[in-house]
Each structure stands twice: as structure tokens, then as C-alpha cells.
Amino acid sequence: MPITPATATHSSSNGTADAILLELVDENGVTIGTAEKLSAHQPPGRLHRAFSVFLFDERGRLLIQQRALGKYHSPGVWSNTCCGHPYPGEAPFAAAARRTYEELGVSPSLLAEAGTVRYNHPDPASGLVEQEYNHLFVGLVQAEPRPDPEEVASTAFVSSAELSERHARDTFSAWFMTVLDAARPAVRELTGPSAGW
């Protein structure tokens with residue numbers, strides 16, 4: 001697993017671990033400050049910058065992931081290819097490419113911006129709240145995923161029809177349909193009409 005600020009253990013001079021900070025934004029996505037990651041997700045939640053990635057194979061199937069059971073937020077649920085938070089000052093595009101590699105061991109062969117979406121999704125299981133200004137990205141993946149087991153429990157490539165079946169049967173993240181629906185115009189442009197997205 002690559003060692004990055006998200007995966008490394010940091011210690012300050014007094015021996016305590018450094019907090020992971022998120023970028024707080026206003027309703028227009030303008031940065032207004034920072035907050036510690038967990039505190040930003042505690043009710044009622046603080047609006048912060050996030051990203052969501054949707055990668056597709058050459059057959060137009062979406063790569064989805066099941067979040068690792070050890071995650072503090074939404075463990076074990078299925079979600080889009082990758083999602084997360086840029087570090088303060090980090091470009092969302094760079095963060096999306098970085099985290100896709102860290103979590104799944106693949107680099108997108110193409111990654112394009114697909115707009116933004118703002119939402120407020122409480123997670124009943126954890127009691128945490130997703131108040132996010134989310135930057136969306138779509139792209140292609142041409143390598144076999146090599147997931148980090150601390151981040152990802154499982155992966156699957158699914159067609160639009162297979163996703164509908166799986167979504168009716170399995171538990172997905174609270175934000176999944178919101179980000180997918182917001183990204184659909186870019187997904188259709190990328191995959192073409194025959195893929196059915």
C-alpha cells in the first residue's frame with residue numbers, strides 16, 4: 001500500500017497523532033476554513049469538499065467497491081468506484097486520481113470532470129452526516145483492480161441492469177444514487193448509448 005498523508009501515521013513533536021483536515025466550503029464551493037475529518041461528519045455535519053469517481057471498463061461496466069468492514073463511516077456497504085476528500089488546498093482532480101490509486105491500485109486511463117453536486121445525507125447506521133460539496137469525475141480503467149484490504153472489501157464490474165438488481169438486493173452508501181444521478185450525463189457521454197446508463 002502506498003504511504004500517503006491519508007495512510008501514514010503522523011506524530012507531532014509532542015507524540016500525538018496529527019488530525020486529518022477537510023476543507024470547509026460555502027454553498028458555492030468557496031473555501032471558508034478547515035475542520036477535523038470526524039468532527040465535520042458529526043451531526044448536523046459541516047459542509048465540506050469531497051469527490052466521487054466513476055470508472056468504467058471497455059464494455060461500459062461500472063467498477064463499484066464494497067467499503068472495508070473496518071471503516072468508521074459506512075463500513076461494508078457498496079458504493080461508487082472511489083470517493084473521498086481532498087486535503088486542504090489539494091485540487092479535487094488530483095485527490096480523485098490519488099485516492100483511486102491508493103484504494104484500488106489502479107490509475108484511470110482517462111479522468112474527466114463531471115460537475116458537482118451538493119447533498120446532506122445522514123447515515124442511520126453510524127449516526128454520521130455527509131454534508132458535502134462533491135466534485136464528480138468519470139473515466140476509464142484498463143487494469144485489474146488490486147484493492148487495499150484496509151480500504152476495500154470487494155470490487156465488481158456491473159452493467160446498468162446488474163447495478164439495478166444489486167442495488168435492490170444489497171446495501172449501498174447513503175450518497176451513492178445522488179452522486180450517480182448527478183454524474184449520469186457525463187457517464188452517458190463516456191460510455192455511449194448502448195451501455196444503458
Side-chain angles (χ1 to χ4, degrees), residues 23 25 27-30 47-67 73-74 76-86 90-123 130-148 151-197:
E23 198 169 89
V25 299
E27 294 291 338
N28 297 310
V30 176
L47 185 59
H48 57 275
R49 194 175 309 284
F51 64 82
S52 289
V53 177
F54 298 85
L55 296 184
F56 296 82
D57 68 7
E58 70 284 349
R59 293 167 51 191
R61 297 180 305 168
L62 172 62
L63 174 60
I64 58 174
Q65 68 156 280
Q66 183 182 29
R67 294 165 61 85
H73 189 351
S74 301
V77 303
W78 287 89
S79 200
N80 50 295
T81 308
C82 180
C83 52
H85 309 94
E90 182 182 26
F93 183 93
R98 171 179 60 79
R99 284 302 290 161
T100 300
Y101 183 76
E102 289 171 357
E103 291 188 11
L104 295 162
V106 294
S107 295
S109 56
L110 170 75
L111 194 63
E113 294 183 13
T116 59
V117 62
R118 191 261 194 254
Y119 53 79
N120 174 4
H121 284 301
D123 176 35
E130 288 289 5
Q131 284 265 20
E132 292 188 331
Y133 187 94
N134 198 307
H135 297 257
L136 308 171
F137 298 93
V138 299
L140 300 175
V141 61
Q142 295 177 311
E144 191 65 30
R146 299 182 321 276
D148 174 355
E151 297 284 348
V152 179
S154 186
T155 62
F157 282 97
V158 293
S159 67
S160 178
E162 289 166 340
L163 178 62
S164 295
E165 293 171 9
R166 191 180 282 256
H167 192 264
R169 180 185 72 229
D170 297 334
T171 304
F172 276 71
S173 64
W175 61 86
F176 176 74
M177 286 309 297
T178 300
V179 293
L180 176 60
D181 287 345
R184 277 188 200 275
V187 168
R188 290 185 187 116
E189 189 174 327
L190 176 73
T191 61
S194 63
W197 292 101

Counting distance only, does the side-chain N/O of N80 pair as donor-acceptor with the main-chain N or O of F54 below 3.5 Å? no
By ring pair (Phe, Tyr, Trp, His ring centres under 6.0 Å), which residues pair with Y119, not counting sequence neighbours? H121
Result block: side-chain N/O donor-acceptor pairs under 3.5 angstrom for residues 163-170, not counting sequence neighbours:
from, atom 1, to, atom 2, distance (Å)
S164, OG, S160, O, 3.3

Please evaluate residues V117 and H135 with respect to the criterion side chain to side chain contact (heavy atoms under 4.5 Å, CB included), reporting the C-alpha separation (whole Å), side-chain torsions for both, the decisive distance (0.1 Å), and the verdict. CA-CA 7 Å; V117 62; H135 297 257; over 6 Å; no
Identify which one of E23, E90, E132 satisfies the side chain to side chain donor-acceptor pair (under 3.5 Å) criterion when paired with H85. E132
Quick one: ring pair (Phe, Tyr, Trp, His ring centres under 6.0 Å) partners of F137, sequence neighbours excluded? F93
Flag the pair R67 and E151 as a salt bridge only when some basic side-chain nitrogen lies within less than 4.0 angstrom of an acidic carboxylate oxygen. no
State whether the side chain of R49 and the backbone N or O of G29 hold a donor-acceptor pair below 3.5 Å, judged by distance alone. yes
Candidates V30, V25, N28 - the one meeting side chain to side chain contact (heavy atoms under 4.5 Å, CB included) with Y133: V25
Show every salt bridge (Lys or Arg N to Asp or Glu O under 4.0 Å) that has at least one partner inside residues 177-186, sequence neighbours left out. D181-R184
R146 side chain vs G105 backbone, donor-acceptor pair below 3.5 Å: yes
Does S154 have any side chain to side chain contact (heavy atoms under 4.5 Å, CB included) partners at least two apart in sequence or in another chain, and if so, which? Q66, W78
For residues 187-194, dump all side-chain donor-acceptor pairs below 3.5 Å to protein atoms at least two apart in sequence or in another chain.
from, atom 1, to, atom 2, distance (Å)
R188, NE, W197, O, 3.1
R188, NH2, W197, O, 3.2
T191, OG1, V187, O, 2.9

